[in-house]
Amino acid sequence: MENNVSHALYILQEPVQYLALSFMALMYIIKIRQMLKKPIPPEKAELKGDRVTGAVESLANVLKPWSMESTRNNMFFYAEFMIFHIAVALTIGATFFIPLVPSLMTPAVSKVFMLFMGLAFLIGLRRIHRRLTVPEIKIISSPDDYFAISLMTVFFAVGFVAMWMWISGSPDTGWMWIFFLLTTFFLLYVPFSKISHYILYPFGRVNFGRTFGGRGVIHRDVKKQTWNPK
Amino acid sequence: MSEQGDKIGANEERKWPTKTEFTPEMLEEMEKLLPGTLNRVVTASLSGCIHCGMCSDACHYSVSIPEDKTLVPAYKADRFRKWYKSRYDWMAQVFPSFVGAKKLDKELADEMYDKLWGGCTMCRRCTFNCPMGVDYGMMVRAARSIMQKVGRVPQHLQDTVDTHYNAGNNMAVPQDEFVETIEWIEEELQDEEGCENFKIPVDQKGAQYFLTLNPREPKYYPLTIQATAKVLNAAGVDFTISSRYWDLTNYALFNGNDPDAKQFALWQAEDVKRLGCEYLLAGECGHGFRALRWELPNWVGGVPFKITSVMELMAKLVLEGRIKTDKSVWDGHRATYHDSCNIARSGGVTEEPRIVIRAAIKDFVEMEHNRYDSYCCGGGGGALAMPEFTPRRLAAGKIKADEIKATGADICLQSCHNCTDQLKEIIEHYHVNAKVMNLAELLAPALVL
């Protein structure tokens with residue numbers, strides 16, 4: 001059984017992962033290309049601010065909870081969001097580090113990963129509960145929304161247990177096998193799901209930043225004020 | 001295009017064929033129109049929503065009418081998004097209901113009509129609170145554009161655009177009547193103490209500023225023109241009003257018809273060139289300011305003159321010391337200021353009105369949500385030209401009425417005629433003890449001449 005798991009784990013970790021990753025990259029390239037082919041609305045008005053600086057500031061919006069009322073007034077929600085997304089990065093990172101640079105995954109490092117995975121699992125449960133119970137969220141939720149958050153929550157739980165087994169000296173376990181199987185599924189599924197929103201994030205934020213940066217709404221350039229007293 | 005002496009407005013009369021309900025032929029036509037509206041901003045906005053719900057507290061509809069969850073911005077936008085997904089989302093091609101996609105049918109089209117005409121003022125407050133940068137304003141305008149093209153547009157809103165198209169201004173004020181009104185206002189102004197030599201020049205070639213007006217001013221609010229002219233005269237500003245294309249409004253911004261929007265913009269741009277003015281000066285009108293300042297150059301492909309607003313010009317005059325004021329005329333009064341969405345969020349003008357206000361009155365207090373965080377009053381997006389949605393519009397104004405009341409102000413200032421009408425209505429409806437005024441009306445009595 002142990003040998004079977006190890007062999008299956010190897011296949012999942014190496015060739016299957018690479019194939020799935022290539023598929024995901026291809027889908028994203030198509031998606032990005034489709035978006036880039038869309039025309040950008042022109043801006044021929046005399047600007048009051050800088051569109052490039054606006055776009056950069058807007059992209060960094062994710063790190064500035066004070067910049068939006070919706071996060072400014074919900075700092076706990078924002079903290080959950082940050083932990084959840086850091087956990088996503090670490091969990092995906094773990095699926096690369098474990099097969100490629102296992103020496104990096106020392107017990108100390110692994111425990112940090114586990115901490116985020118564990119917290120993200122709890123946050124995932126809270127988000128599922130919120131989606132099921134808060135009327136204004138429930139009414140906008142599609143099956144994809146429920147499936148995506150449930151999948152992520154399970155992913156964190158499995159990752160947590162797999163990492164725990166890893167630092168306990170049992171790397172080749174069924175949990176690790178499930179962890180990598182889920183990762184493969186993610187690579188194939190995510191381009192078609194709402195989870196791929198991170199590909200769209202730069203487009204939305206850059207559009208926002210260019211528009212409102214140029215209008216002096218964000219990163220106002222005082223030198224270009226029509227009322228500049230100087 | 002009309003030249004000087006020609007008919008003002010389009011050469012041929014037009015009445016847009018509107019429809020009272022969607023037919024299968026209209027739905028088919030809408031399917032053909034959809035791809036043409038999908039620029040990068042609209043596409044990213046249609047595909048970028050993650051249903052996080054962060055917008056739910058950002059909308060004056062959902063905040064003021066919390067019992068109706070279908071007024072949450074993401075829900076409203078999803079009426080359009082469902083259709084978009086059915087055409088373009090990869091997963092939806094196999095499992096449409098899994099991602100909430102839905103083919104365009106009469107039921108969905110009716111929901112789009114209800115929510116995107118009557119449940120959104122395109123104020124972009126949700127956009128500013130969206131982590132993904134979804135531009136609801138652009139997206140809703142794209143949806144309206146499609147519906148308008150097939151004739152499913154609120155009748156009164158379309159009538160306003162048609163009137164502008166046919167007459168050159170949206171209230172069909174005849175040229176001679178307009179000029180007579182301006183002459184009468186000039187006489188009234190000259191009757192004021194210290195204003196004997198003040199003028200309101202009409203068609204003065206080479207004037208520095210080409211002042212534009214909202215048609216409600218010559219029709220119903222002549223004192224606003226009088227107050228603006230008083231301020232400009234007191235500062236020695238070289239301005240003129242055109243007898244032809246003086247209307248700064250552009251309701252095609254609201255109904256989504258780009259050819260009409262471009263036509264109105266072209267008329268005005270040509271008129272500024274005819275008079276050889278350096279600046280096109282937007283009067284106190286929210287969407288009018290945005291349409292001139294930020295959209296006109298795009299619609300006409302750039303302009304050889306500068307564009308600014310009365311709000312900005314008055315602030316400049318204050319800062320440069322070109323006008324002197326006596327704030328004591330407003331002693332005993334407290335003012336607050338409502339930021340029009342098109343002037344602040346979509347226009348970038350937030351501090352200039354406050355410079356003017358602080359020059360004119362001592363007691364000024366901000367509302368809880370101000371500047372870019374200001375809630376829409378409920379009168380934007382052409383809402384006042386959609387009487388079929390009046391009860392919802394008044395209900396959506398509750399948050400703004402509550403905030404005005406909380407300031408204890410007896411003067412509610414603003415710089416937009418749609419806001420004026422909506423604020424007057426909600427102030428009466430919610431029993432707020434405040435008078436609605438624009439900036440020139442505040443500044444003019446405080447002038448030291």
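Numbered from 1 within each chain, the chains take letters A, B, ... in sequence-line order. Worth saying up front: this structure is predicted, and the values here are computed from it rather than measured.
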Part of [X] lying under 4.5 Å from any heavy atom of chain A:
X        : value
B:Arg322 : neither
B:Arg345 : backbone
B:Ser97  : backbone
B:Cys126 : neither
B:Ser56  : side chain
B:Ala92  : neither
B:Val99  : both
B:Cys49  : neither
B:Met138 : side chain

Which heavy atom in [X] sits nearest to a heavy atom in [Y], and how many Å separate them?
X        : Y        : value
A:Ser142 : B:Gly100 : CB-N, 4.0 Å
B:Ala44  : A:Gly204 : CB-N, 4.3 Å
B:Ile50  : A:Arg131 : O-NH2, 3.8 Å
A:Pro191 : B:Trp90  : O-CE3, 4.0 Å

Structural part of [X] lying under 4.5 Å from a heavy atom of chain B:
X        : value
A:Arg127 : neither
A:Arg210 : neither
A:Lys138 : neither
A:Ile195 : neither
A:Ile137 : side chain
A:Thr71  : both
A:Tyr189 : side chain

Using a cut-off of under 4.5 Å for heavy-atom pairs, which of [options] has the most such pairs with chain A?
options                             : answer
B:Tyr88, B:Trp294, B:Tyr75          : B:Trp294
B:Pro66, B:Cys130, B:Ala74          : B:Cys130
B:Ala58, B:Gly48, B:Cys55, B:Ser346 : B:Ser346
B:Gly302, B:Gly53, B:Pro131         : B:Pro131

Inset, instruction - Heavy-atom pairs under 4.5 Å with chain B are the metric here; pick the option from A:Met35, A:His197, A:Lys37 that has the most. - result: A:Met35
Legend entry - Contact leader toward chain B among A:Phe81, A:Tyr146, A:Tyr201, A:Phe147, where contacts are heavy-atom pairs under 4.5 Å: A:Tyr201
Inset, instruction - Count the heavy atoms belonging to other residues, nucleotides or ligands that lie under 6.0 Å from NZ of A:Lys31, then report whether that count exceeds 12. - result: yes
Inset, instruction - Using a cut-off of 6.0 Å, state whether more than 12 heavy atoms not belonging to A:Arg126 lie near its atom CZ. - result: no
What's the separation between atom [atom1] in [X] and atom [atom2] in [Y], rounded to the nearest 0.5 Å?
X        : Y        : atom1 : atom2 : result
B:Thr127 : A:Asn207 : OG1   : CG    : 11.5 Å
B:Lys69  : A:Ile139 : NZ    : CD1   : 9.0 Å
A:Phe192 : B:Gln93  : CZ    : CD    : 11.5 Å
B:His51  : A:Ile149 : NE2   : CD1   : 14.5 Å
B:Phe98  : A:Asp144 : CZ    : CG    : 4.5 Å
A:Asn74  : B:Asp57  : CG    : CG    : 7.0 Å

Inset, instruction - I would like to know whether B:Glu352 and A:Lys48 meet salt bridge (Lys or Arg N to Asp or Glu O under 4.0 Å); could you show each step before the answer? - result: CA-CA 14 Å; B:Glu352 294 86 340; A:Lys48 282 176 81 175; 3.8 Å; yes
Inset, instruction - Report yes if some heavy atom in the side chain of A:Lys194 is under 4.5 Å from a heavy atom in the side chain of B:Met91; otherwise report no. - result: no
Legend entry - Residue pair B:Asp373 / A:Arg72, side-chain heavy-atom distance below 4.5 Å: yes
Legend entry - Steps toward side-chain contact (heavy atoms from CB on, under 4.5 Å) verdict (A:Met68, B:Met54): CA-CA 10 Å; A:Met68 296 194 306; B:Met54 300 293 276; 5.5 Å; no
Legend entry - Verdict with supporting geometry, B:Lys76 and A:Glu136, salt bridge (Lys or Arg N to Asp or Glu O under 4.0 Å): CA-CA 12 Å; B:Lys76 291 183 284 195; A:Glu136 51 266 44; over 6 Å; no
Does [X] use its side chain to pair, donor to acceptor, with the backbone of [Y] at less than 3.5 Å?
X        : Y       : value
B:Asn298 : A:Lys44 : yes
B:Arg293 : A:Glu46 : yes
B:Arg40  : A:Pro41 : no

Inset, instruction - Dump the intermediate steps for side-chain contact (heavy atoms from CB on, under 4.5 Å) on B:Phe128 and A:Phe212, then the final yes or no. - result: CA-CA 10 Å; B:Phe128 276 62; A:Phe212 297 105; 3.7 Å; yes
Inset, instruction - Walk me through it: do A:Glu69 and B:Arg125 pass the test side-chain contact (heavy atoms from CB on, under 4.5 Å)? - result: CA-CA 10 Å; A:Glu69 185 189 72; B:Arg125 196 172 191 278; 2.8 Å; yes
Legend entry - Identified side chain to side chain contact (heavy atoms under 4.5 Å, CB included) partner of A:Lys38 from the options B:Val42, B:Val41, B:Leu38, B:Asn39: B:Leu38
